[in-house]
Amino acid sequence: MKTILVTGPDLDPGAVKLMKDHGFEAVHTPPYADSAVIAEHLVRSRAEGIVSRMGRLDASVMDAAPWLRVISKHGVGVDNIDVAAASRRGIPVLVATGANAVSVAEHAVALMLATVKRVLPLDAGLRAGRWEKPGFLGRELLGARLGLVGMGAIAQATGRIAAGLGLKLYGHDPFAPDAAFEAIGATRCAGFEDLLAQSDVLSLHCPLNDQTRGLLNAGAIARMPEGSYVVNTARGGLIDEDALLAAIASGQLAGAGLDTFAVEPPAPDHPFFAEPRIVLTPHIGGVTRQAGARVGVDAVRGILQILEGRPVAPERIVNRALLPEAGVPLVKAGD
């Protein structure tokens with residue numbers, strides 16, 4: 001059997017079956033393996049394709065396996081992949097566009113509700129023997145303004161759910177067409193600063209890159225309404241974590257719901273753990289049975305398409321503009 005390397009846990013059974021039907025089997029690295037361990041598994045397996053789940057795929061991994069032909073992300077965030085290094089080596093980097101959008105959007109809304117409604121601290125207080133109804137004053141979300149940073153599939157799905165709860169939608173994405181905003185009834189903000197001023201809740205849905213790293217810093221948070229909230233199901237590096245903590249301590253922010261961290265997993269003594277106004281989950285927004293099936297199958301299908309010389313939808317190849325001589329056949333409009 002030919003092999004495909006999977007960096008991390010098992011794939012959905014549907015994805016495994018798709019591999020086997022095409023004469024491939026999966027070889028797995030340990031979760032969050034470093035580059036040296038990934039390279040070792042890649043050399044040993046002679047895999048021509050990688051399903052990227054956990055761990056970083058840098059130039060050293062690619063140099064260890066000059067036969068590597070394709071990298072397919074189990075999801076859409078490619079900050080753990082050196083896309084430039086892959087492009088220089090003619091290796092297409094694929095993403096499973098939209099496959100986990102509903103699951104991540106549901107989790108973003110769950111984090112928003114848990115944070116704004118103070119579900120976890122109230123639960124903890126009750127379990128500790130405190131009846132905190134006297135003096136408690138909650139907050140409604142009906143009519144509140146939700147700011148969406150980015151307007152991709154996940155942001156749009158989040159907006160649709162939030163609109164059903166009665167929130168007013170605002171968004172900023174310089175690369176999205178007007179139709180993306182119109183589809184969910186969101187007001188388009190011309191700049192990020194304009195969006196911040198309109199956001200009682202700010203939900204992050206943009207990729208992590210050199211332009212967006214630390215996007216939500218002390219200056220940005222100061223532009224938000226006092227007592228607002230932040231939700232992040234995208235990438236932890238989008239937020240200046242020290243600035244977030246300081247803003248919550250000062251009352252500029254009332255709380256945050258975070259599924260991602262600058263370093264994952266975070267250190268046991270990370271200061272977020274001592275702040276009850278921050279709701280934390282371990283980067284599992286897209287980890288549902290349904291999303292896992294779609295993402296796994298899409299990730300494997302993309303590898304098979306490349307290895308078998310079949311067309312790939314251009315929006316799935318994140319470095320397509322950097323592969324002028326790679327010879328990757330694309331699905332044409334109308335196909």
Side-chain angles (χ1 to χ4, degrees), residues 101-126 131-173 176 178-206 216 220-234 238-239 244 247-248 250-260 275-281 285 288:
V102 170
S103 291
V104 178
E106 289 178 349
H107 196 72
V109 172
L111 285 172
M112 176 181 69
L113 290 170
T115 304
V116 174
K117 298 299 183 180
R118 301 192 64 223
V119 171
L120 295 188
L122 289 169
D123 175 86
L126 194 57
W131 185 257
E132 297 176 297
K133 184 173 181 178
F136 177 80
L137 186 64
R139 177 172 178 170
E140 283 188 351
L141 280 167
L142 180 67
R145 299 167 297 177
L146 174 64
L148 300 166
V149 183
M151 197 53 65
I154 296 173
Q156 291 182 53
T158 301
R160 283 191 289 270
I161 298 171
L165 295 173
L167 281 85
K168 300 176 182 178
L169 306 182
Y170 294 79
H172 172 65
D173 186 335
D178 288 340
F181 295 82
E182 295 165 359
I184 61 171
T187 299
R188 182 166 200 160
C189 295
F192 180 52
E193 293 79 8
D194 299 325
L195 178 69
L196 293 168
Q198 300 294 331
S199 297
D200 299 311
V201 180
L202 187 73
S203 191
L204 304 180
H205 300 283
C206 59
L216 194 65
I221 293 171
R223 294 177 178 271
M224 296 177 65
E226 185 176 354
S228 50
Y229 298 83
V230 170
V231 174
N232 188 14
T233 52
L238 296 170
I239 295 176
L244 183 76
I248 291 175
S250 72
Q252 172 63 21
L253 292 178
L258 308 176
D259 188 44
T260 60
E275 176 49 77
R277 288 168 289 187
I278 301 179
V279 178
L280 305 170
T281 54
T288 65

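Values below: all heavy atoms of this structure, side chains included; hydrogens, waters and symmetry mates excluded. A quick note: this is a predicted structure, and the numbers were derived from the prediction, not measured.
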Nearest heavy atoms of Ala247 and Ser250, plus distance in Å: O-OG, 3.0 Å
Rounded distance (nearest 0.5 Å) linking atom CG of Leu146 with atom OG of Ser199: 7.0 Å
List the atom pairs, donor and acceptor, that lie under 3.5 Å between side-chain atoms in residues 153-172 and the rest of the protein, sequence neighbours left out.
unit_1: Gln156; atom_1: NE2; unit_2: Met151; atom_2: O; d: 3.1
unit_1: Thr158; atom_1: OG1; unit_2: Ile154; atom_2: O; d: 2.9
unit_1: His172; atom_1: ND1; unit_2: Cys189; atom_2: O; d: 3.2

For Ser228, all residues meeting side-chain hydrogen bond (donor to acceptor under 3.5 Å, both in side chains), sequence neighbours excluded: none
Test item: Leu238 and Cys206 side chains (from C-beta on) under 4.5 Å apart, heavy atoms: yes
Side-chain atoms of residues 111-124: list all donor-acceptor pairs with protein atoms under 3.5 Å, sequence neighbours left out, distances to 0.1 Å.
unit_1: Thr115; atom_1: OG1; unit_2: Leu111; atom_2: O; d: 2.7
unit_1: Lys117; atom_1: NZ; unit_2: Arg139; atom_2: O; d: 2.6
unit_1: Asp123; atom_1: OD1; unit_2: Arg127; atom_2: NE; d: 3.1
unit_1: Asp123; atom_1: OD1; unit_2: Arg127; atom_2: NH2; d: 3.4
unit_1: Asp123; atom_1: OD2; unit_2: Arg127; atom_2: NE; d: 2.7

All pairs passing salt bridge (charged side-chain N to carboxylate O under 4.0 Å, His left out) where residues 181-190 contributes a residue, at least two apart: Asp178-Arg188
Those residues that, when tested against Asp200, pass side-chain hydrogen bond (donor to acceptor under 3.5 Å, both in side chains) (two or more places apart): Arg145
Distance-minimising heavy-atom pair for Gly125 and Glu132: CA-OE1, 3.7 Å
Qualifying residues under side-chain hydrogen bond (donor to acceptor under 3.5 Å, both in side chains), relative to Asp194, sequence neighbours excluded: none
Check: Asn232/Thr260 side-chain N/O donor and acceptor closer than 3.5 Å: yes
Distance in Å, Leu244 CG paired with Leu258 CG, rounded so as to fall on 0.5 Å steps: 6.0 Å
Counterpart residues, salt bridge (Lys or Arg N to Asp or Glu O under 4.0 Å), relative to Glu226 (two or more places apart): none
Set of residues satisfying side-chain hydrogen bond (donor to acceptor under 3.5 Å, both in side chains) with respect to Glu275, sequence neighbours excluded: Arg277
Worked verdict on Leu204 versus Val231 for side chain to side chain contact (heavy atoms under 4.5 Å, CB included): CA-CA 6 Å; Leu204 304 180; Val231 174; over 6 Å; no
Side chain to side chain, His107 and Thr233, heavy atoms closer than 4.5 Å: yes
Point-to-point distance, once rounded to the nearest 0.5 Å, from CG of Leu202 to CE of Met224: 4.5 Å
Partners passing side chain to side chain contact (heavy atoms under 4.5 Å, CB included) against Ala220 (at least two apart in sequence or in another chain): Phe192, Leu196, Leu216, Asn217
